[in-house]
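Below: the structure, in structure tokens.
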Amino acid sequence: MAEVRADGRMRRALRAVALDVGLLRRRREFRLLTLGQFVSMCGAQMTFVALPVQCYALTHSTLAVGLLGVAEFIPILLLALVGGALADAFDRRRLIALAEIGALIVALGLVANALLDHPAAWALFVAAALSAACDALRRPPLDALEPRLVARDELKAAFAVKSALWNLAALGGPALAGLLIVAAGYAATYAVDAASFVVALGTLAVIRTPPPPADAEPPSVRSVVAGVRYAASRPELIGTYAVDMTAMFFGMPLAVFPALATRLGDPAVVGLLYAAPAAGAVIASLTSGWSARVHHHGRAVVLAAIGWGVAIAAFGLSGALWVALAFLALAGAADEISGLFRGVIWNETIPDALRGRLAGVEMLSWASGPTLGTAEAGAAASLVGLRASVVAGGVLCVAGSGAIAAALPAFWRYDARTFTAPPPSPARVTPAPL
């Protein structure tokens, strides 16, 4: 009997932390969309590694690798809010498909450039910018569509399932890219990315998604401003944006990975460095069932960001490869926890009428941090060295996250059980079309 009771307790404990994968079985449209985007993400992660590695091979400059982040940030800054406004006015599925087609064309351009006898480094910056532009037009409608495919009480599970699959892509894609670059070259790596977009487009073609509301607002400057104003009126939203941007700007060491792999004498190692954070994120997402019992989401975001900064600083101090990979995995787990609770705050408290525009604001926060952080890490490494730039970034991440929590007490005190989101102002949601 004691063994039976122990077995029962073990099963209950596992259910308490396990991921609700049954959601994929219950929700057909969510399943098709998520799996299609998972395949696309696998390909995108291979290009995510191949671009900086090829750039470093052509320029031998960590600063040049960092500037790829600047090339990506500019179109995101210009188009993320536009993508959000379009997502609130038009069919979100079709917007995603159009952006995927554009990204497919960019991937084919990278293949063509890699096949040249002397590939052009400038073409990598153009491709990075165009790819980011497509993503800026794709992610707001994608993020705005997903909450409409599940019930409200399934939002946490949906976010966790999506994160788990995307983290698996972020784990396998970079590791495979490191091997494929060495074995078959850059052209083959980019070709895999192009093929992944074809799969994603196939799933989009068979998904049945809710049409835009009959009274959907046409895109306009005023509609974009209304979304930004609504976000600015919500301190708990500002907290999620500020913490993520701070953590990623100071603690994102991606630009130093190609140089670090070269120092280690094995180019294939670069794939492991890019994949290690995703390994930790996968473990965190697969065991995220406990998050349903956490209600102070703002505190969870802050503490997870501090954990990211501590792990990144420890990575910078690491001497052995396996130790460095372990700390990167811990950083990835912390980032996944932060992302889970940020996503829950967004999905549970933002009105659907503003969902697309706020998804654009969210994209500015989670995309600008890594892109500008890549540039910051590359520049810092060229000035003070690899190790010093990484350690200092981790320390600044910890300090910045604590300062934001102190400056935004409403964010720190946020409790999902008692919080009621304010509705959008009617005066701000009836804009005149452009």
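As a basis for the values below, the full set of heavy atoms in this structure was taken, side chains included, without hydrogen atoms, waters or symmetry mates.
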When you compare the side chain of I283 with that of N167, does any pair of heavy atoms fall below 4.5 Å?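 No, their side chains stay 4.5 Å or more apart.
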
Indicate the atoms forming the closest heavy-atom contact of [X] with [Y], along with that distance.
{"X": "G43", "Y": "S196", "result": "CA-OG, 3.6 Å"}
{"X": "V106", "Y": "A127", "result": "CG1-O, 3.6 Å"}
{"X": "A275", "Y": "L171", "result": "CB-O, 3.2 Å"}
{"X": "L204", "Y": "R93", "result": "O-NH1, 2.9 Å"}
{"X": "A99", "Y": "C134", "result": "CB-O, 3.5 Å"}
{"X": "G356", "Y": "R92", "result": "N-NH2, 4.2 Å"}

Partner of Y186 under side-chain contact (heavy atoms from CB on, under 4.5 Å), picked from V111, L110, V53, L124, is V53

Separation between [atom1] of [X] and [atom2] of [Y], rounded to the nearest 0.5 Å:
{"X": "S365", "Y": "I238", "atom1": "OG", "atom2": "CD1", "result": "9.5 Å"}
{"X": "L396", "Y": "F249", "atom1": "CG", "atom2": "CZ", "result": "9.5 Å"}
{"X": "L23", "Y": "L149", "atom1": "CG", "atom2": "CG", "result": "10.0 Å"}
{"X": "I76", "Y": "L78", "atom1": "CD1", "atom2": "CG", "result": "10.0 Å"}
{"X": "E100", "Y": "F197", "atom1": "CD", "atom2": "CZ", "result": "6.0 Å"}

Under 3.5 Å, is there a donor on one side chain and an acceptor on the other for W346 and T240? yes

Walk me through it: do R355 and E362 pass the test salt bridge (charged side-chain N to carboxylate O under 4.0 Å, His left out)? CA-CA 10 Å; R355 179 65 268 181; E362 292 153 18; 2.4 Å; yes

Short side-chain to backbone donor-acceptor contact, Q45 and P174, under 3.5 Å: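 The answer is no, because no donor-acceptor pair under 3.5 Å joins these two groups.
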
Counting only heavy atoms not in R28, do more than 12 fall under 6.0 Å of its CZ?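 Atom CZ in R28 is crowded, with more than 12 foreign heavy atoms closer than 6.0 Å.
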
Determine, step by step, whether L272 and L325 satisfy the side-chain contact (heavy atoms from CB on, under 4.5 Å) criterion, reporting the C-alpha distance in whole Å, the side-chain angles of both residues, the deciding distance to 0.1 Å, and the verdict. CA-CA 8 Å; L272 297 178; L325 293 175; 4.2 Å; yes

Pair R342-S338, side chain to side chain donor-acceptor pair (under 3.5 Å): steps then yes or no: CA-CA 6 Å; R342 282 184 283 114; S338 172; 3.2 Å; yes

